[in-house]
Amino acid sequence: MSGYRLPAGGRIDRAAPLDFTFDGRAYRGFAGDNLASALVASGQMLFGRSFKYHRPRGILGMGTEEPNALVTVDRGATAPGWGRATPNLRAPSVALYQGLNAQSQNRFPSLRFDLGAVNDRLGALFPAGFYNKTFMWPRSAWEKLYEPAIRRMAGLGASPTTRDPDHYDATYAHCEVLVVGGGLAGIEAALSAAQDGGRVILIDEQDELGGGALADRALWGELADKTMALRRLGNVTVLTRTTAFGYYHQNFVGAVEQLTDHLAPEQAKGARERLWRIRAGEVVLAQGAIERPLVFDGNDVPGVMLSSAGRTLAVRYGVAVGRAVAVMAVHDSGWRDAMAMKAAGVGVVAVIDLRSDVAPDLVAAARAAGIALHLGHAVTSVSGRHGVSGVTFAANGTGHAQQLAVDALLMAGGWTPTVHLWSHAKGSLRWDADWGAYLPDVAQENCRAVGAGAGAWDMGSGLALGTLPGPKPIWQTKAFVDFQNDVKARDIDLAVREGMRSIEHIKRYTTNGMATDQGKTSNLNGLQIASGSLAKPVTDIGLTTFRPPYTPQTFGALMGHHKDALFQPIRKTVIDGWAADHGAVFENVAQWRRARYFPQGSEDMHAAVARECLAVRERVGMFDASTLGKIEVVGPDAAEFLNRMYTNPWKALQPGRCRYGLLLREDGFITDDGVSARLAPDRFHLTTTTGGAARVLAMMEDYLQTEWSDLDVWLTSTTEQWAVIAVQGPLARAVIAPLVEGIDLSPSAFPHMAIREGRICGVPTRLFRVSFTGELGFEVNVPAEHGRMVWQAIHAAGQAHGITPYGTETMHVLRAEKGYVIVGQDTDGTLTPDDAGMAWAVGTKKPDFVGKRSLSRPDMAAPGRKQLVGLLTEDPQDVLEEGAQIVADPDQPVPMTMLGHVTSSYHSATLGRSIAMAVIADGRARDGQVIHVPMPGRTIRARVTASTVFYDPEGSRLDV
Amino acid sequence: MMRFSGLNLIAQAFSGHQAWPEQWPDKAPKASYDVIIVGAGGHGLGAAYYLAAKYGITNVAVIEKGWLGGGNTGRNTTIIRSNYLYDESAHLYDHAVKLWDGLSQELNYNVMYSKRGVLMLAHNVHDIQSFKRHIHANRLNGVDNEWLSPEECQAYCPPLDISPNARHPVLGGALQRRGGTARHDSVAWGYARKATALGVDIIQNCAVTGIRRGADGAVLGVETERGFIGAKKIGVSAAGNTSVVMNMAGLEFPLESYPLQALVSEPVKPIFPCVVMSNTVHAYISQSDKGELVIGAGTDQYTSYSQRGAFHIIEHTLAAICEIFPIFTRMRMLRTWGGIVDVTPDRSPILGKTPVPGLYANCGWGTGGFKATPGAADLLAHTIAHDAPHAINAPFNLDRFRNGRMIDEAAAAAVAH
């Protein structure tokens, strides 16, 4: 118990106490505190347990660099199954609010007594990469014993197990200048940029602007003035509690704003976080610098922390980290911190500095402040387990050991400029020996760095060290580099000894820099230690890649509004509501929801489909075909264009007539099909498959724009402009006749595969006489806004004829009875037109069409290709499973030689038996042969039919 | 090579692990080798190992422009499975899965092959048809793959939302129990250590700048940043940069290179026991042994050699993950990264001889090369050693793009690799 609240000072509001709990125990802090400052003020120095060895840990830093003090904050359940627990939050980044409920992590049964700490006792067995070297014998134990044990050790906090009641916002922003970082350098950059009158956005991750200046009382006046000046400008948007997490191509910066997590749950209204997608003319990076810890034996005892953290606690939060505080410095900033803390009332007893030649003014000032000085000395060990009780130090780390009773030790190891975003955008870096760090060099975007993050800030001078010198060889020390992942200096040394020479290998072997802080305090120290072990300059070892995000970001914020119904909006036709009202069972087809069948009473799918099929064959049915893709092709070269796209000829097609079109990819395989109509010499109404609409339009545009830009043709997607009602069955004409005006429906005037324009139910229609059922059929196209009215009118008019609405499942059966293929089901991107039995659709005399050249490749006509054929099971009641495989010899051993597979299979009520389509090697030549379909437990025999037409092969029912 | 074992680990603990030798020595290139492998990823290092271990060819160099294992081997989401549709693919990937089994012992390096099962979700009737087709074909090919009902899917993967009201409800799934994950870096390192112990040289930080050919057209060796290195046989296993290397030999390869991203969450306690893939929703996820959720994202729309991708891909990926696993919206993304994948017109690899005598190709693995690592490496070694492909990789020749004998897994099943 060492930290305490100073009697005065800080930017907290002492008139606004806040009660909160940590591991179930009650504490009190003040408005303006964060969880870490409030706990340290209450004497709580132990915050969590490390990942691998479960070592007790306190806070290291007071910002986003914090690797140790990770907590789970539970903002409460809103209903059973809905909760707001968030793991792995950095305590210094958790704003305090009334009622905050936090728990420590990675410990069992309690934070002070953690059984997992046995790993620390056995630590010698678990050096870096140990798992590569063991758990291999006996082999069977890997799956049963070792792997489950390893996996059980995973993780820090626990994942949420309930759904998240919060929602997340997302927005776009554009500005002339984006400034990232709201310290004084960033504020000045924003003020300066704003003078040009352009839009300026200033982003800072903390709850108030100021950055490092918040921990420097002398700067508070200037900070207040400049912040006020900024707020007065109308063209500057200031976003606090906002983290710019990633810098992408063309000055695109992603940022997440915290909206409610700093408020008590009952006060939190609206979205929890907001994603900002910002496109900036210029980006100014003012991200500041992060202090480096020192690496020495015992540097992870709770109460050993960054000097800047001690200073921030004292100056900004009015908290002393201990009653007797020592500073271990290799950098001037530690001296300044010591004096700032002393001025704030903290009992700083000593400054230990490895350097002997510290600036005289610092030495004089420290002496005057009554601080004991030990120049040329280094701390060699720390006593205490759950908190610091004293330190041992020695001249140059190796001389006579001296003891000092302190309850906190601060480390001033120098500064690492924050170059993360700079590096995301592929800006180059240069090594700066004075900083002992990489600094921004040449930008790849319109971007510049300012302030400490650019090396342009007077932080004083110091040493850049790997480890502090000490009396023990490195392999006998527990000197931590990556605190969260428990990477010690000796692990890096071991990695080098085992042949890891690239810093990427060292990182991956030791996991240095791979924790939730992504190496903010460990990367540079790791690099320096590797440099020592390899006896190579730092610049020869490389640098690991900085990757987004700068700090971890919530999945919910990054997905924005794309959840639940908005994940992918469901596309519904204008007739969908009618179908829902009439009990339709729906299925998803591409992004559409389509009625699959319309059960009556207690009918199952089988019964409903049988009834719907028979109704179409015997009387009339109606079907919502609105999801068919539609493209209006217009222009003098429209026919020429289609002639080049489709396999079959289009130029001679007369206006008023329809044609089936088959579309190949460049590789010669079928990709789409559809019936299209010529409305006029320069105008076609194309249809595509439901799933292929966007793909076909993109493909056609691609050809039009890149291959045949000479053609005078325009393409317009009209899928959603037309509602399409298929009226199919022997009574179809009788149903629509009373509703149609201006079109002669008689067979001679309006034959199969024709189109007429006129009116139906008083609205304009493009009336197709086409059939996907094999019956007399019409497809009524009307402007979508009239679709439901026309559907209802046809339904009403059809009542006298027994009209039956049917869904996609019935449509599938009806077309399979006629052997019509569904591209994507009976074809799969590996079938040529001939394979699919549609050689008739290929205009062999045409000079060219998409895929023609590929069709001439030798294998495309080689014997043994799989061909689409029909299958009739020997037992007519056996319905084959779609996807089932076909063999000639069911008794062969595995792996079997497979001939093909079943593509479509249904029970046909019309035929009173099952029918199937299949692709089979040399299928047409096997007409009449028996093939075998081996299923688990039994084999089904079926006979091949070269023709896939099972019903009305003469087509007599179409032409009536 | 000092043997890795639990006992040795304990023994070394007493001396502070001071005696472990280098896992692979850093070698300067010799003037010539029998075989040069370009690219020290898992595939290339593995090929060198199998050349030495199975075919007795130990005078081998693996030449790498960066650090070994630093390309797609070290950037992928480590999914292993073999439930591919076509016979050719099933045999190819199952060859790899058989080698995965026992690889740790063979290399004396624990590659942490975890048979936690790969579950692929079906969300619509088309998915069901496609998955059933896979399952039946796999069964007759002797590859395990089984159909699970939605309830069985959730029992296998408890965080899964199987609500019928979901935008894309889970209608079932195909589970390959032998599928799973492995520790990617360890695969490269294990091959590197064993290969060098058998006499292979690994030469890092040495970019190939040219391929020298003789008057007869056959290869003579490679020009590199560190000079010419001779070899009568050169195997190229350079993933996204394969077309660049092949250009040096005057060959145009039917490859397009795209950035592919992946990401991890912060580590959490065990919550996710298996690998789940959903092509319809476009989500791929597992949990690492460290506790991070490992999530595969998609490729950018445009070709590029930049190892970073566009942000909207990340947005879409996380939306897809949370659509299937809504409990994860409060989880946080820790790191994203990108790699370059080389994609062929039929989305199947090219593994075999090239028109240039002595030059062999192993490329075009797209987004799915990691799972094939031991198999591809073994088959590349076989092809180089015999100057002829093994029956398993014979169909994956370059000629298929001319003669049309494609192996189009993507077209056949709409299943990404």
Side-chain angles (χ1 to χ4, degrees), chain A residues 86-88 124-125 127 131-136 139 147 150-151 154-161 163-164 248 254 475 494 498-499 502 504-505 508 516 547-549 552-556 558-559 562-563 567-568 587-588 828-830 857-860 881-885 894-896 898 901, chain B residues 4-6 9-10 13 16-18 20 22-24 26 67 70 104-105 109-110 114-115 124-125 129 132-133 136-137 140-142 167 185-186 266-271 289-291 311 314-315 318-319 322-323 326-337 345 403-405 408 411-412:
Chain A
T86 311
N88 299 343
L125 297 178
Y131 47 82
N132 289 142
K133 296 189 168 89
T134 182
F135 305 132
M136 290 180 280
R139 189 169 149 183
E147 197 206 347
I150 291 169
R151 289 176 69 182
L156 293 163
S159 159
T161 54
R163 296 184 71 134
D164 182 1
Y248 299 86
W475 60 272
L494 173 67
E498 290 202 71
S502 158
E504 282 284 357
H505 284 152
R508 286 157 180 262
T516 59
R547 295 283 191 181
Q553 299 299 330
T554 311
F555 285 8
L558 297 173
M559 62 195 260
H562 302 284
K563 64 185 277 200
F567 169 63
Q568 270 177 6
E587 68 164 331
N588 283 328
D828 64 2
T830 66
R857 293 183 295 183
D859 195 63
M860 304 297 259
E881 187 164 275
E882 288 166 346
Q885 297 290 315
V894 168
M896 294 191 181
M898 288 169 257
H901 75 285
Chain B
F4 285 172
S5 71
L9 192 66
I10 293 168
H17 299 283
Q18 292 292 290
W20 293 111
E22 285 184 328
Q23 297 198 5
W24 55 86
D26 197 21
W67 37 282
S104 295
Q105 285 75 20
Y109 207 103
N110 196 338
S114 164
K115 288 183 234 178
N124 53 46
V125 174
Q129 289 166 340
K132 290 279 178 79
R133 185 179 170 196
H136 290 304
L140 300 189
N141 265 324
R167 171 65 182 89
D185 290 330
S186 301
E266 294 182 310
V268 287
K269 294 294 179 198
I271 180 88
D289 288 350
K290 208 173 157 218
F311 175 64
I314 300 296
E315 294 182 80
L318 289 173
C322 294
E323 168 65 15
I327 63 169
F328 288 148
T329 54
R330 294 180 90 88
M331 288 287 292
R332 299 195 300 172
M333 179 175 83
L334 175 59
R335 186 174 175 91
T336 64
W337 65 92
N403 64 28
R405 195 165 205 88
D408 201 334

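Just so we're on the same page: letters track the sequence lines, and every chain starts at 1. FYI, side chains are in, hydrogens and waters are out, and symmetry mates aren't considered; it's all heavy atoms of this structure.
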Could you label the plane-to-plane angle of the B/Trp24 and A/His505 rings as parallel, tilted or perpendicular, counting under 30° as parallel and over 60° as perpendicular?
-> perpendicular

To the nearest 0.5 Å, what is the distance between CG (B/Leu140) and CD (A/Gln885)?
-> 6.5 Å

Counting only heavy atoms closer than 4.5 Å, note whether A/Glu587 contacts chain B via side chain, backbone, both or neither.
-> side chain

Least distance between heavy atoms, A/Pro160 atom then B/Arg330 atom | CG-CB, 4.1 Å

Answer whether the closest heavy-atom distance between the side chains of B/Thr329 and A/Thr554 falls below 4.5 Å.
-> no

For B/Asp185, is it the side chain, the backbone, both or neither that has a heavy atom under 4.5 Å from a heavy atom of chain A?
-> side chain

Which value, rounded to the nearest 0.5 Å, describes the distance between A/Arg139 atom CZ and B/Ser104 atom OG?
-> 8.5 Å

Any sub-3.5 Å donor-acceptor pair from B/Gln105's side-chain atoms to A/Met136's backbone N or O?
-> yes

What are the two closest non-hydrogen atoms of B/Leu334 and A/Pro552, and how far apart are they?
-> CD1-CG, 4.0 Å

Relative to chain B, which segment of A/Leu494 carries a heavy atom at a distance below 4.5 Å: side chain, backbone, both, or neither?
-> side chain

Can any side-chain N or O of A/Lys133 pair as donor or acceptor with the backbone N or O of B/Phe4 at less than 3.5 Å?
-> no

Counting only N and O atoms by type, is there a donor-acceptor contact under 3.5 Å from the side chain of B/Asp289 to the main-chain atoms of A/Arg151?
-> no

Mark yes or no for whether B/Arg332, through its side chain, and A/Thr516, through its backbone, hold a donor-acceptor pair below 3.5 Å.
-> no

Under 4.5 Å between any side-chain heavy atoms of A/Asn132 and B/Gln23, yes or no?
-> no

Whatever's closer than 4.5 Å to a heavy atom in chain A on B/Glu323 counts as side chain

Given a strict heavy-atom distance threshold of 4.5 Å, which part of A/Phe567 is in contact with chain B: side chain, backbone, both, or neither?
-> side chain

The interface call for A/Ser159 against chain B, heavy-atom contacts under 4.5 Å, is both

How many angstroms lie between atom CE of A/Met559 and atom CD of B/Glu315, to the nearest 0.5 angstrom?
-> 11.0 Å

Is there side-chain contact between B/Val268 and A/Asn88, with at least one heavy-atom pair below 4.5 Å?
-> yes

Output field: ring centroids A/Tyr248/B/Phe311 closer than 6.0 Å = yes

Could you tell me whether the side chain of B/His17 and the main chain of A/Ala124 form a donor-acceptor pair under 3.5 Å?
-> yes

Heavy-atom distance under 4.5 Å to chain B: side chain of A/Gln568, backbone, both or neither?
-> both

Mind checking whether A/His901 and B/His136 have side chains closer than 4.5 Å, heavy atoms only?
-> no

